[in-house]
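Order of appearance sets the numbers: ligands from 1, and atoms from 1 within every ligand. This structure is a prediction, so every number in the text was calculated from the model and none was measured.
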Amino acid sequence: MQELIYGCMGLGGSWSDEPHAGEHVDEAAAAVSAALDAGITLFDHADIYRSGKSEAVFGEVLAASPGLRDRIRLQTKCGIRLNERGLQTHYDLSREAILERVNESLKRLRTDYVDILLLHRPDPLADPAEVASAVGQLMVEGKVRQLGVSNMSGAQIEALQDRLETPVVANQLEMSLLKRAWLESQVLVNHAEHLDYSFPHGTLEYCTRNGVTLQAYGSLARGLYTGAEPDSQTPAEAATAALVAELAGEYGSSGESVLLGWLMRHPAGIAPVIGTVNPRRIRACADAARVAKAMSRADWYKLWVTARGSNIP
Ligand SMILES: NC(=O)c1ccc[n+]([C@@H]2O[C@H](COP(=O)([O-])OP(=O)(O)OC[C@H]3O[C@@H](n4cnc5c(N)ncnc54)[C@H](OP(=O)(O)O)[C@@H]3O)[C@@H](O)[C@H]2O)c1
């Protein structure tokens, strides 16, 4: 099923381990409400977001909204460790770490289970058998319903899948009109220019063939094309922002839905993860699936070529 996912990384205040304030819970409640209005039912977390505070404020919203847990699906991630200042220090997909981190996430989220657990990044020291054992235990205990990964290549997923008894259902990667390595690498086969783009070949194909949903983070290009004021903007970025606004007018929609619709128009069935906490911007994403269906091939290519700043090969 192709859908939008609400990314909760912006909720909960600072990245340090100081506690969150009441205003952060109010902000989370407003964001969740806007996401529900936009038809979103899957919420993306990670144990590390805002040093645990994204999950904590979300848990408070759930506790204050009886029945809400049954209407939504929760996804969280484990595998990255932070220090007290919120800086990443190492990866840890050992059996003990997976069990400990998921149990802590459940406490913060004030729920008994997550619908999907993602392994946040490949851990070079991970033993796939240990990962399988930890995930298997969490599933038997009813704490995790499905498993996915993030920032992994098709080959890495395949190697992990060999040891798992459960199918990998999702792979979350950075994919947008700005971060186009996933797309450029498909057409630059045999071109020296492909060296400019690092995306493991065959990943899109592995995921689409094996029922692994591609979840796209950074899908709003952090506002670069829809009104955020960057310190500097290249001519291609300025031209893309202008085109996104023009197409929003033509499709009777918002710039946000044009950007997300562009991703969803691709046949891989990409599910964009949106990370804005601004309720108006969240609601502006609601029309993305309609725009994806309506978007002409010519407009899809025009957006791509304008964003890359040079013609396709
Ligand atoms: N798996 C991973 O490794 C990984 C990595 C990064 C993120 N993620 C997930 O993906 C989600 C989305 O990623 P993301 O937040 O990096 O990307 P995003 O959705 O492209 O961008 C959201 C950010 O852009 C800002 N923004 C968007 N439109 C704007 C506009 N018109 N004007 C000003 N600012 C604008 C938002 O600020 P406002 O909130 O003020 O609107 C917010 O800070 C995260 O929440 C997280 O769940 C996963």
Side-chain angles (χ1 to χ4, degrees), residues 3-15 24 27-28 30-32 34-35 38 40 42-50 52-55 57-58 73-82 86 88 91 93 105 109 114 116-123 148-153 156-157 168 170-180 182 203 212-231 233 237 240-242 244-245 248 254-260 262-263 270-285 288 307:
E3 62 178 344
L4 288 182
I5 300 168
Y6 184 71
C8 298
M9 187 175 75
L11 307 177
S14 77
W15 279 85
H24 298 126
E27 183 182 60
V32 170
I40 296 173
L42 177 55
F43 291 82
D44 178 67
H45 285 272
D47 56 346
I48 56 167
Y49 289 166
R50 311 282 156 163
K53 286 179 284 181
S54 301
E55 289 180 332
V57 292
F58 202 94
R73 284 167 301 135
L74 288 178
Q75 168 172 286
T76 195
K77 315 183 192 77
C78 66
I80 302 180
R81 303 307 287 254
L82 302 182
Q88 302 193 8
Y91 303 143
L93 287 179
S105 286
L109 286 165
V114 288
I116 309 175
L117 173 68
L118 301 187
L119 307 177
H120 208 152
R121 282 190 176 274
D123 168 11
V149 298
S150 180
N151 301 300
M152 285 201 198
S153 69
Q156 286 172 312
I157 301 172
V168 172
N171 186 17
Q172 194 174 101
L173 298 160
E174 183 158 24
M175 303 167 81
S176 70
L177 188 57
L178 176 67
K179 300 290 181 179
R180 297 178 315 279
W182 62 278
T203 297
V212 181
T213 301
L214 287 153
Q215 300 183 351
Y217 70 80
S219 57
L220 291 173
R222 299 183 179 110
L224 183 67
Y225 302 134
T226 49
E229 285 176 19
D231 297 337
Q233 207 174 22
E237 288 165 357
T240 307
V244 166
S254 63
E256 286 81 358
S257 284
V258 168
L259 276 182
L260 304 175
W262 180 82
L263 272 175
I270 297 162
V273 188
I274 60 160
T276 173
V277 302
N278 178 313
R280 184 185 56 74
R281 281 201 268 274
I282 296 170
R283 291 190 176 93
C285 298

* Any donor-acceptor pair under 3.5 Å from Thr213 side chain to Ala170 backbone -> no
* Specify whether Phe58 and Phe43 have parallel, tilted or perpendicular ring planes, treating 30° as the upper limit for parallel and 60° as the lower limit for perpendicular. => tilted
* Asked: Under a 4.0 Å heavy-atom cut-off, which residues neighbour ligand 1?
  -> Gly7, Cys8, Met9, Asp44, Tyr49, Lys77, His120, Ser150, Asn151, Gln172, Tyr217, Gly218, Ser219, Leu220, Ala221, Arg222, Gly223, Thr226, Ala228, Val273, Ile274, Gly275, Thr276, Val277, Asn278, Arg281
* **Side chain Ser176, main chain Leu220, donor-acceptor under 3.5 Å** => no
* Pick out which of Asn171, Ile270, Ile5, Leu173 makes a side chain to side chain contact (heavy atoms under 4.5 Å, CB included) with Gln215. => Ile5
* **Residues Ser14 and Lys53: side-chain donor-acceptor under 3.5 angstrom** => yes
* **Expected output: side-chain Arg121 to main-chain Ser150 donor-acceptor under 3.5 Å** => no
